[in-house]
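Each remark here refers to the structure printed beneath this line.
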Amino acid sequence: MKVLVAVKRVVDYNVKVRVKSDNSGVDIANVKMSMNPFDEIAMEEAVRLKEKGVVTEVIAVSCGVPQCTDTLRTAMAIGADRGILVETTEELQPLAVAKLLKALVDKEQPGLVILGKQAIDDDCNQTGQMLAALADLPQATFASKVDIAEGKAQITREVDGGSEYLSLSLPAIITTDLRLNAPRYVTLPNIMKAKKKPLDIVKPEDLGVNVSPRIKTLRVVEPPQRSAGTKVPDVATLVAKLKAEAKVI
Amino acid sequence: MASNRKSKHMKTHARVVVIGGGVVGVSTLYHLVKKGWSDVVLIERSELTAGSTWHAAGLLPLFNMSYTVGQLHKYSVDLYKRLEAETGQDVSFHVTGNLRLATTQDRMDEYHKYCGVANTIGVPFKIITPEEIKALWPLIDLGDGVNTPKVIGALYHPDDGHIAPVDLTMAFRKGARAGGAEIYEQTQVNGVEQLPSGEWKVMTNQGDITCEHIVCATGNYARETGKMFGLNVPAIPVEHQYIVYDKDPELEKYRNGGGHELAVLRESDASYYLREERMGWILGPYEKGAPACFADGVPAWFGKSLFDGDLDRLLPHVEAAMKRVPALEHCGIKTIVNGPISYTPDGSPLIGPAWGVKNVWLNEGHSFGVTAAGGAGWQLAEWMVEGEPSVDMLGVDPRRYGPYTSKRFTVAKNEEAYREVFTVHFPDEERHDGRPAKTSPVYEKLKNMGAVFSQRYGWERASWFAPEGVERKDQWSFRRSNYFEHVGNECRTMREKVGVIDLTPFAKHEVTGPGAEAWLDYLVANKVPTKTGRIALCHALTKNGGVRSEFTITKLGENRFYAVSAGAGERFDSDYLEKMLPADGSVQLRNITTSRGCFVVAGPRAREVMAKLTDTPLDNQSFPWLTSQIIEVAHAVDVYALRVNFIGELGWELHFPIEYANSLFEHIFAAGKEFGIGMAGMRAMESMRMEKSYRMWGTDLGIEYSPYEASLDRFVRMNKGDFIGKAALERQVAAGIPKRFVTVEVHGVTDADPWGNEPLYVGGKLAGRATAGYYGHVLGKSLALGYIAAEHAEVGTELEIEILGQRKQATVLCESPLDPDNLKLRA
């Protein structure tokens, strides 16, 4: 069976982002970009399934600017067999992405779709869920363990109270959490092979999707600067300050 | 760390403000404290190491072809070993050793040449065989010569390795603060102002601070910092990447099986370094196509940032590395670290006084900053506190560059310097980018005569002339090469008939005013001419008695002097003279380098040629040697004709107003045709000056040797009154002159003449070093000039010189082995 993996090109987790001077957003003009870490985990899981023989083809999908082909090549270096870029310069929000992925699911008919649970730039945590709803498919989010056997996906989910065990019929949507696996580092020979793997570019219109944003960002500001703390001599002073200054009790 | 945050208590006054908190800045602060100056502060715009230091690979290459830089690196490596004990800060100095591979004979020649330099500095090394390499580095594939180039040998430095750059900086910080220095982070310098007292006011976003000295150690911001002082600093960063690999099972197996940490590996011919990193690897190529960055300044958003990696650029080097170390093929790539590293047009840093401003010092342009930081801080602190460095710092002096370093020139040269880091550094190599920049008016004429050009201080000069049918190209080599014979022909033409050399790039200064003579007499060791028309060879000394500069000084008239010095030293000399001018205005100084051209016309027939061009009597009575007159030559007027030259033949240096260059050149050649006049280049000049033992500033003359050691006794006048360096010379005479300058003949040379920087041995023991070497074409001897322990300086002393790893027999000759009595030039 095929597995579709969604990979997003995001600001590298190491970068200290700055807000643009007009407060319209974050400045990503010259900043290092990487594959979303949860999507790396998704790719790793897909490739492991292929190595186990459960899956026959891994297709990586990315949506956005032309440079997303870099992210797809990385996915292919990890082990994806081919890549699809849905190219647009429009600001993409989770609902639009979910619609694009649904169109591709209809086209490719994968047995499994794996996404990262959220992207580290917007922290939305919506796309996988929306895709499942649009495609009317079962979903298991925050997966920390995945087993595919006898046409079913046995998933362990990390939830606030502990772990939840689900059994899903296929096709299904899975989103990955941190402890699902430790993604491999790609070797140079695999990077070289990835350059030759097929990469198709389509437009949202080709998939019949209108990706115009539905939500308008009004203003982006940095969090207030942390000011220096003070040392207090005793508990009484602490309580007084919490009441009068911090106003939290 | 708390006291390093935005301090409310920044001093308002200090003796020194160091701007820039990378490893170089903090090392400078540390060394100032060590020299006894505790009222010193450092200002850092964000946090220490945030520029280039934090992402440096941390390698410590002792290898460097330069005598100056080699000494600085050696000091650093020795210091870093002691730093943990002194400061309590672990610097993670992994003394792994360093293995530099050779796959070609040229590379082995380079290593052998380096070994000579290393011997003169005292850096331990060993040239090792492929078998020994494999024993030291089991994971290596020595190559079959088919798929992978065959390793034929390696240069092994047991003492170097790698270090943690941030930890090293923190060790310097600890040491500096322990000595009273203060460091202010999150403090940005917005501008500087010079106060009437001569002190500097540094304006920051945390307040102002007044100081006596400023040190600029700002790395990526070097140009912007320089602009604050009106300086065009030729340091623009270039992107450098290295790949960080994941754990390597093969390496783990080797290490867990008891193998020691592998030496840092450098495959010079494939232009990369490779070292262990936490059971994985770091691989850093010096690739083609790495762009310069921040040529217009560092953007505000660039904090502790990196660039995106570009693996495509690195591919040829990564593939070469994978062949050499097959284990790499299966290693996962964790990340590519791509960050800016400061560069300069020649790849050596800028350490020393800034030009044109007083008490401002540069410690910029560091491409190997982690290795250089210790030595650079050491010598700069010494320079500031004592007034002079003890190491000859010409190779890194900021004033070795002139105003010609435009942004585009600098970008092109810096990218080239990066790309050529691992190229074989032939002694006669000439770099191509950014040329031609400055040309003499007769450049096109020389080109048409077959000139093959080289560049110094931005000027194109003819190295040699290729006759009709000979390719106009240098084949660089450590040995005699394609131009050897042609250079010989130029020498023979000049010494047997008459020749011309274009020396327009000479630095030329006019010194006038009622105080001129006394001022010059105080600056130099020789007596400045008192009679109009006399010429004296004069040396400006340091207060320690070393030779700072050499000037040919001519008295042109009452209170009017003309000082000529090496073209490459134009800014160096100009800056010194300007800074030494008396405040009372009794001396005026003008740099007239570009308003006069210069041709040397010399050889046995020179007088006959000149006689056709001028009516001024040229016989010995009328125009003795070492005198000058202002004459008309052909259609040129106001020509300073100096009867002196660097070739040692009958002849004149004509210093003419530059607008006459082309017509004068044509007239000289027309007049000289019947005598067989020919053009000579700089390499012929080198051969000829060696035959006369003429010392060259910057190689044979430097601050490490006094004029007595340089055997220039007759150019020192102790009885003329006080001059800078006199007291030091008196002390040296009293203690006994330890070394002497000698001219040496090397025997049995078939193809490898000395070049300079070779060690000299007497009785098997290191006794001195050669500072220059060349074949004397007319004398027919392979010659070296250099310094040797005084007891071995006698004419006839037998010694050995190490050339390309081989000890050759040599003999000390008399001074000026060609025509020792100077009959020809006094003819």
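Protein chains get the first letters and strands the later ones, always in sequence-line order, with residue 1 at the start of each.
Nearest heavy-atom pair, A:Lys32 versus B:Asp308, reported as atom, atom and distance to 0.1 Å: CG-OD1, 3.0 Å.
Proximity to chain A at a heavy-atom threshold of 4.5 Å picks out B:Asp312, B:Leu315, B:Val318, B:Glu319, B:Met322, B:Glu329, B:His330, B:Cys331, B:Gly332, B:Ile333, B:Lys334, B:Thr335, B:Ile336 from residues 312-341 of chain B, in numerical order. The interface of residues 264-288 of chain B with chain A, defined by heavy-atom distances below 4.5 Å, is empty.
In this structure, OG on B:Ser305 lies 10.5 Å from CG on A:Asn14, to the nearest 0.5 angstrom. With values rounded to the nearest 0.5 angstrom, A:Thr74 atom OG1 is found 10.0 Å from B:Leu311 atom CG. Note that CG of B:Leu306 and CG of A:Asp12 are 9.0 Å apart. Values are rounded to the nearest 0.5 Å.
Put simply, of A:Asp27, A:Leu188, A:Val31, the one with the most heavy-atom pairs under 4.5 Å next to chain B is A:Leu188.
Proximity to chain A is absent for every atom of B:Ile243, based on heavy atoms less than 4.5 angstrom apart. With a threshold of 4.5 angstrom between heavy atoms, A:Arg184 does not approach chain B through any atom at all.
Under a cut-off of 6.0 angstrom, the local environment of NZ in B:Lys304 is crowded, with over 12 non-hydrogen atoms contributed by other residues, nucleotides or ligands.
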